[in-house]
Amino acid sequence: PIYCVKPKTKAMQELILGGRAYLAKAEPAPDVVVMACTVYGGSGSRTNKGLAERTDYIYGIVSRAMEHWDDKLGMISGDDTADVEQLPHLQALIDEHHWVDLGGKLAGVYGAKPYEGTCLTANVKKLTRNDHVVVSPMLAGLVKSFRVIWDDNFLTHAVLQVTFKTQQE
């Protein structure tokens, strides 16, 4: 089952009410709880420094909400319209807290192509990696595979699929 989670901070509540984040808890197996947050960054963050800073501000709030999940099972997915390097708070989760960017340099470990493009818009006409999935160190050990899947039903963004190991694996 998946449950909507009530955020503990006013800042996180405002992000959710503003449509910039969603916070959920999944229980894929007994005694297994994954805290998951989805972020929607500002369109144009890759080319507009102000928008990138705004998206990073969102990640600052989310990372503070998720930082106590470093030794637990946590996942953040995002449509950021920016590179990870443009988002210092997201980069800090990866560099300082050892969260794993499933589509980044370690993507091959999970069966994907590192830094594979995830977004193709009509106005840019160039494949970019606007979408990201990062997982806490504990959850990274349970990831079986990560895939970027293009589907005709989703014209702009690829589906980012994470498959987890089962108890039998």
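- The minimum heavy-atom distance between P7 and I16, with the atom names listed, is CG-CD1, 3.6 Å.
- Under the rule for a side chain to side chain donor-acceptor pair (under 3.5 Å), T47 has no partner lying at least two apart in sequence or in another chain.
- Atoms SG and NZ, on C119 and K126 in that order, are 12.5 Å from each other to the nearest 0.5 Å.
- Checking each of L73, V34, V5 against K25 for a side-chain contact (heavy atoms from CB on, under 4.5 Å) leaves exactly one that passes, namely V5.
- Other cluster members for Y40: none, since no ILVMFWY side-chain heavy atom sits under 4.5 Å from it.
- Heavy-atom minimum distance, L127 versus G117: CG-CA, 3.6 Å.
- I149 shares a hydrophobic cluster with F154, V159; the chain of contacts runs through ILVMFWY side chains whose heavy atoms sit under 4.5 Å apart.
- For residues 107-123, the set of pairs meeting the salt bridge (charged side-chain N to carboxylate O under 4.0 Å, His left out) definition, not counting sequence neighbours, is empty.
- Using a 4.5 Å cut-off between side-chain heavy atoms of Ile, Leu, Val, Met, Phe, Trp and Tyr, with links allowed through other members, V143 and M138 fall into the same hydrophobic cluster.
- For N153, the side chain to side chain donor-acceptor pair (under 3.5 Å) criterion is met by D151, not counting sequence neighbours.
- How far SG of C37 is from CE of M12: 3.5 Å, rounded to the nearest 0.5 Å.
- The side-chain heavy atoms of L87 and T55, taken from C-beta on, include a pair separated by under 4.5 Å.
- For the pair S136 (side chain) and K72 (backbone), a donor-acceptor distance under 3.5 Å is present.
- Hydrophobic clustering places Y57 together with V39 (ILVMFWY residues linked when any side-chain heavy atoms are closer than 4.5 Å, directly or through intermediates).
- Each of V133 and Y115 belongs to its own hydrophobic cluster when Ile, Leu, Val, Met, Phe, Trp and Tyr are linked at side-chain heavy-atom distances under 4.5 angstrom.
- From T128, atom OG1 reaches atom CG of L120 across 7.5 Å, with rounding to the nearest 0.5 Å.
- Among residues two or more places apart in sequence or in another chain, the side-chain contact (heavy atoms from CB on, under 4.5 Å) test is passed with A24 by I2, Y22.
- Side-chain atoms of D80 and H132, non-hydrogen and from C-beta on, do get closer than 4.5 Å to each other.
- Under the 3.5 Å distance criterion, the side-chain polar atoms of K144 are left unmatched by any main-chain donor or acceptor of Y110.
- Listed by chain and residue number, S45, Q86 satisfy the side-chain contact (heavy atoms from CB on, under 4.5 Å) test with A52 (two or more places apart in sequence, or in another chain).
- Sequence neighbours left out, the pairs with a member in residues 155-164 that pass side-chain hydrogen bond (donor to acceptor under 3.5 Å, both in side chains) are D79-H157, D131-H157, S145-T163, R147-Q161.
- L102 CG to L160 CG: the interatomic distance, rounded to the nearest 0.5 Å, is 9.5 Å.
- Taking the side chain as every heavy atom from C-beta outward, V134 and I94 approach each other to under 4.5 Å.
- Pairs passing the salt bridge (charged side-chain N to carboxylate O under 4.0 Å, His left out) check and including a residue from residues 99-108, sequence neighbours excluded, read D101-R129.
- Residues satisfying the side chain to side chain donor-acceptor pair (under 3.5 Å) test with D95, not counting sequence neighbours, are Q91.
- The same ILVMFWY cluster, assembled from side-chain heavy atoms under 4.5 Å apart, contains both V148 and F164.
- Side-chain N or O atoms of N48 include one that pairs as donor or acceptor with a backbone N or O of G50 at under 3.5 Å.
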Let me see the working for R54 and K49 under side chain to side chain contact (heavy atoms under 4.5 Å, CB included), right down to the final yes or no. CA-CA 9 Å; R54 180 175 166 225; K49 186 177 180 189; over 6 Å; no
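- With sequence neighbours excluded, the residues that form a side chain to side chain donor-acceptor pair (under 3.5 Å) with K10 are E14.
- Under the rule for a salt bridge (charged side-chain N to carboxylate O under 4.0 Å, His left out), the partners of R46 that lie at least two apart in sequence or sit in another chain are D83.
- Side-chain contact of S43 with T81: a donor-acceptor pair under 3.5 Å is absent, judged by distance alone.
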Candidate pair M75 and L139, rule side chain to side chain contact (heavy atoms under 4.5 Å, CB included), full reasoning: CA-CA 8 Å; M75 179 170 72; L139 188 56; 3.9 Å; yes
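- In this structure, CD on Q13 lies 11.5 Å from CD1 on I61, to the nearest 0.5 angstrom.
- When all heavy atoms of L90 and Y59 are compared, the closest pair comes out as CD1-CE2, 3.8 Å.
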